[in-house]
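What follows is a single structure, written as structure tokens, with notes after it.
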Amino acid sequence: MKDKLRIGISCYPTHGGSGVLATELGCQLAKQGHEIALISYKAPLRLDSTCNNISFHEVPISAYPLLEQYPYTLALASKLAEVARNKQLQILHAHYAIPFAVAALLAKDIAPELNLKVITTLHGTDITLVGRNQAFQSVTSMAIRKSDACTAVSHYLKKETESHFKINRKIEVIYNFVDIARHSIIYNQHKNKSQNRKQNIIHISNFRPVKRLMDVIKIFSIIRRKLDVNLILVGDGPDANAARQLAKDLSVDKYIQWRGVVDAVEPLLAQADVMLLPSEYESFGLVALEAMACGVPVVASKVGGLPEVIKHGHNGYLANLGDIDTMANFALEILQKKQNHPFIKAGFEYAKNNFDETTIIAQYTDLYYKTIKYDT
Ligand code: GMT
């Protein structure tokens with residue numbers, strides 16, 4: 001039996017795949033008996049406070065007249081070092097390269113006596129958007145190079161990172177995961193739901209341009225010409241207003257439920273029959289995996305890491321970026337077959353066999369022990 005680990009996890013606490021993944025990882029590791037400290041500027045939404053071995057540590061953010069921009073990375077680094085000392089942490093696991101990996105590397109230097117190991121998980125936009133911004137390019141590169149271990153959430157992201165940053169270091173692929181047992185409750189409801197109820201399409205995102213919310217509205221309006229369905233939109237963000245206007249212009253606004261930001265998406269996935277994810281880019285698509293695990297087939301664009309999750313024609317459909325007619329036809333085909341569609345089962349099975357949390361978390365724990373050079 002290996003010794004239990006003491007790990008600090010830092011992530012964005014807001015809605016977004018990286019924060020969700022980091023928090024669920026922390027909760028599951030804590031349930032396995034490891035000592036987990038979550039460090040962020042506010043408690044992540046999916047933090048399970050019923051778990052004993054997990055603690056939350058808030059990074060203070062206070063205004064000071066001299067500082068027009070609060071130096072959050074420095075406050076985070078100090079907090080990471082403080083928590084690491086108090087809890088004698090062995091590992092700092094940063095989810096998203098900036099600022100978390102950079103702050104973790106600073107904390108490692110602040111508390112050299114702990115011999116902390118920094119593990120960085122790359123989630124996508126930290127590499128593809130933010131990390132390539134000229135202002136962050138060199139610091140992201142340094143964070144990847146100096147981390148003791150580095151993981152990417154898909155093979156696509158690993159290749160992108162390698163080809164763009166040209167850093168000679170090992171990057172392990174550890175896929176995102178879902179709690180299959182929890183999601184299977186919704187999956188079973190799907191199999192048994194009434195054939196005659198009104199069907200719903202769902203889209204869940206942070207409504208940033210990369211998610212192509214306008215395409216969601218356009219696809220929905222094409223579908224509505226042939227089928228009486230509703231659209232459930234979950235999330236909020238910069239494209240919300242333009243999407244509302246487009247929905248009015250296309251006369252589909254009265255069929256759309258704007259649900260805003262919600263903590264638990266499963267009850268909404270329980271009402272959905274197909275998910276639209278026409279993103280311009282997606283390093284993995286955790287939300288697609290959650291949908292599949294609930295028995296909701298996904299129609300997505302063939303970009304980034306999505307083909308590693310959605311197997312076209314087997315458990316979902318992929319179309320070329322921006323091809324809204326094809327996406328609408330795919331969604332119609334799924335909706336017309338109702339709960340008899342084979343993707344419902346195939347998606348659930350694929351999620352269970354490839355992305356179950358037990359398997360994936362074991363890959364993280366193996367990496368942790370390897371990085372601290374733990375000998376049994
Ligand atoms: O999708 C987002 O905009 C949020 C972003 C994040 O960092 O929270 O998501 C990224 O990480 C997720 C978890 O690994 C992936 O499932 C998403 O595909 C990825 N988003 C993009 O690549 C756009």
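A quick note: this is a predicted structure, and the numbers were derived from the prediction, not measured. Counting starts at 1 for both ligands and their atoms, in listed order. Values reported hereafter were calculated over all heavy atoms of this structure, with side chains retained and with hydrogens, waters and symmetry mates removed.
Two residues are said to be in side-chain contact when any heavy atoms from C-beta on lie closer than 4.5 Å; F220 and I217 fail this criterion. Inter-residue side-chain proximity for L74 and L76 is flagged as unmet; no heavy-atom pair is nearer than 4.5 Å.
Both the backbone and the side chain of L286 come within 4.0 Å of ligand 1, counting heavy atoms alone. With a 4.0 Å heavy-atom cut-off, ligand 1 is reached by the side chain of N176 but not by its N, CA, C or O. With a heavy-atom cut-off of 4.0 Å, N206 touches ligand 1 through its side chain alone. Both the backbone and the side chain of Y281 come within contact range of ligand 1, each with a heavy atom under 4.0 Å.
Across G17, C11, G235, heavy-atom proximity to atom 5 (C) of ligand 1 is greatest for G17. Between S18, G285, S283, it is S283 that holds the heavy atom closest to atom 22 (O) of ligand 1. Among H123, R208, H95, the residue whose heavy atom lies nearest to atom 4 (C) of ligand 1 is R208.
For the pair L21 and ligand 1, no heavy-atom separation below 4.0 Å is found. Ligand 1 is approached by K211 to a heavy-atom distance shorter than 4.0 Å.
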Under 3.5 Å donor-acceptor pairs involving side-chain atoms of residues 312-319, not counting sequence neighbours:
from : atom 1 : to   : atom 2 : distance (Å)
H312 : ND1    : L318 : N      : 2.9
H312 : ND1    : L318 : O      : 3.4
N315 : OD1    : K311 : N      : 2.8
Y317 : OH     : E333 : OE1    : 2.9

Side chains of residues 247-259: which donor-acceptor pairs under 3.5 Å do they make with residues two or more places apart or in other chains?
from : atom 1 : to   : atom 2 : distance (Å)
D249 : OD1    : Q245 : NE2    : 3.0
Q257 : OE1    : R259 : NH1    : 3.0

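H95 and H123 have tilted rings, their planes meeting at an angle from 30° to 60° on a 0 to 90° scale.
Every atom of ligand 1 is numbered from 1 in the order shown, and the set under 4.0 Å from a heavy atom of Y96 is 7 (O). Using a 4.0 Å cut-off to heavy atoms of V153, the atoms of ligand 1 that qualify are 14 (O).
Side-chain atoms of H164 and Q137 form a donor-acceptor pair, as typed in the model, at a separation below 3.5 Å.
Salt-bridge annotation for K211 and D215: absent, with no side-chain N of the basic residue lying under 4.0 Å from a carboxylate O of the acidic one. Salt-bridge annotation for K42 and E58: absent, with no side-chain N of the basic residue lying under 4.0 Å from a carboxylate O of the acidic one.
Ligand 1 has a nitrogen or oxygen under 3.5 angstrom from a nitrogen or oxygen of F284.
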